[in-house]
Amino acid sequence: MSDIFYFCRRGVESIMDDEVTKRFSAEELESWNLLTRSNYNFQHISLRLTVLWGLGVVIRYGFLLPLRVTLAFTGVGLLVVLTSIIGFLPNGRMKNFLSEQVHLMCYRICVRALTAIITYHDSENKPKNGGICVANHTSPIDVIILASDGCYAMVGQIHGGLMGVIQKSMVKACPHIWFERSEVKDRHLVAKRLSDHVEDTTKLPILIFPEGTCINNTSVMMFKKGSFEIGSTVYPVAIKYDPRFGDAFWNSSQFGMVNYLLRMMSSWAIVCSVWYLPPMTKEVRTNIHRQLGKQRLAFSNRNLHPVAQTPKCSGTL
C-alpha cells in the first residue's frame, strides 16, 4: 500500500506542477515589488518594509488611481465620440487619415492611464496594409500596447453593453471585423471575411493573437494554424512585460475585466518591450490540395519560433 500511495502522490504532484498549467498563473517574482498581490506575507518581513508598503498604498490609490481612471474615461469617451463623428464622412483618404489620427490619440491616452512605459524595437518591420500581425497574448491591454504605435484592424466577437458601444463607434470610422456569436464557429465565413480584408491593400493590417488565450508571459504557447490559412504576408510581433512594476497577466478565471483593470491602474507601472520581427510570406507548393494541412501547420510553427526566441521569451510549449 505504501508503494501505491507513493506513486499516487508523485503523480498528483506532477499534474499540479506540469509546465503547461504554470503558464496560466501569475509569474513568481524573485523579489517583492511592494504590491500585496505579489507577496501575501508582506507584514511578516520587517517593520520598515511595512511602512514603505503603506506609503505606496497611499500614493497608488490616493493619487495615481484617480488620475489614471480619469485618463481612461477621457480616452474611451473621445474614442466613442470622435469615431462616431468621423463615421459620417464619405469614404476616402481624408476619412482614413482622420480615423488613424483619432485612434492613435485615444489609444495613447489609454496607455497613459496605465502609466505604460513601452520600448519598441526594429520599427522597420512594423506591419503594413494588407498584412496580418500575429503576437503572443498576455493581456487585453496587448491591443492598446500595439495600437499606440500604429493602427490595426481589430478582429473579435460582438459584445453588448459599453464594449458594444465602443465596437459600433469604431467600425464606423475604420473597417474592423466583428463577428456575431453564431458566426465565430463558422471557420469558412471567418476566413472569407479576413481574406476579403487583406486583399484590399488600402485597409489596415489585421491584428490576431493566435494563442487563443492569455499566457503569463513566461513562454509562448503553440499558435493555432487557422490564423495562417489566409495567403497573406504575416508580421510576427513579440511582447514582453516586466512584472517587477506590475504584472499584466490576466487570469480570467479569477478576475473579471473591471477588477483586472483596477489592479493594473493601481500598480506602479506597466513596463514592456515590443519586438517587430521580420515579415514572412506563405510558401507556395505545387500540390497544394494534398499538402494543405501540412503547409498550414508548418507556416504556423515557422511564425511561432521567432516570437518564442525573442529576448526574454523563455521557450515554446
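The analysis underlying the following values was restricted to heavy atoms, covering all of them including side chains, and did not include hydrogens, waters or symmetry mates.
- Using the six-membered ring where Trp is involved, F209 and H137 have ring planes that are parallel, under 30° apart on the 30 and 60° scheme.
- Checking side-chain atoms of S273 against main-chain N and O of K240 turns up no donor-acceptor pair under 3.5 Å.
- For the atom pair CE of M170 and CD1 of I86, the computed distance is 11.5 Å after rounding to the nearest 0.5 Å.
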- request: Begin from the C-alpha positions of C133 and I208 and carry the test side chain to side chain contact (heavy atoms under 4.5 Å, CB included) through to its verdict.
  value: CA-CA 6 Å; C133 175; I208 298 178; over 6 Å; no

field: Step-by-step side chain to side chain contact (heavy atoms under 4.5 Å, CB included) determination, D242 to F245
entry: CA-CA 7 Å; D242 189 341; F245 303 94; 3.7 Å; yes

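- Heavy atoms from other residues, nucleotides or ligands lying under 6.0 Å from NZ of K168 number 12 at most.
- Taking both residues in full, the closest heavy atoms of V237 and V274 are given as CG1-CG1, 3.6 Å, listed atom of the first, atom of the second, then distance.
- Y107 places no side-chain N or O within donor-acceptor distance of the main-chain N or O of L146, the cut-off being under 3.5 Å.
- Looking at every heavy atom in both residues, P279 comes nearest to P236 through CA-CD, 4.3 Å.
- A donor-acceptor pair is defined here as one N or O able to donate and one able to accept, closer than 3.5 Å; such a pair exists between the side chain of N136 and the backbone of I239.
- Smallest separation of non-hydrogen atoms from C272 and I145: SG-CG2, 3.8 Å.
- With contacts defined as side-chain heavy-atom distances shorter than 4.5 Å, the pair V69/M265 qualifies.
- No chain of hydrophobic side-chain contacts below 4.5 Å, direct or via other Ile, Leu, Val, Met, Phe, Trp or Tyr residues, connects L71 to L262.
- Using bins of under 30°, 30° to 60° and over 60° for the plane-to-plane angle, the ring pair H176/W178 lands in the parallel bin.
- Shortest non-hydrogen contact noted between Y260 and A248 is OH-O, 2.5 Å.
- Counted by atom type alone, Y241 and S139 present zero donor-acceptor pairs between their side chains at under 3.5 Å.
- The two residues A153 and P175 come nearest to each other via the heavy atoms CB-O, 3.9 Å.
- Side-chain contact between I141 and L114 is present, with heavy atoms from C-beta onward closer than 4.5 Å.
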- request: Starting from the C-alpha separation in whole Å, work towards a yes-or-no answer on side chain to side chain donor-acceptor pair (under 3.5 Å) for R68 and T115.
  value: CA-CA 8 Å; R68 290 169 175 172; T115 314; 2.8 Å; yes

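- Residues C174 and H103 have side chains in contact (heavy-atom distance under 4.5 Å, counting atoms from C-beta outward).
- Residues D149 and K126 are in side-chain contact: their nearest non-hydrogen atoms beyond the backbone lie under 4.5 Å apart.
- I166 places a side-chain heavy atom less than 4.5 Å from the side chain of L79.
- Side-chain contact between E124 and Y276 is absent, with no heavy atoms from C-beta onward closer than 4.5 Å.
- Atom OG of S148 sits about 12.0 Å away from atom CD1 of I109, to the nearest 0.5 Å.
- In terms of modelled atom types and a separation under 3.5 Å, the side chain of S99 and the main chain of K95 share no donor-acceptor contact.
- Between the side chain of S266 and the backbone N or O of L65, no donor-acceptor pair lies under 3.5 Å.
- By the 4.5 Å heavy-atom criterion applied to side chains, T233 and M280 are not counted as neighbours.
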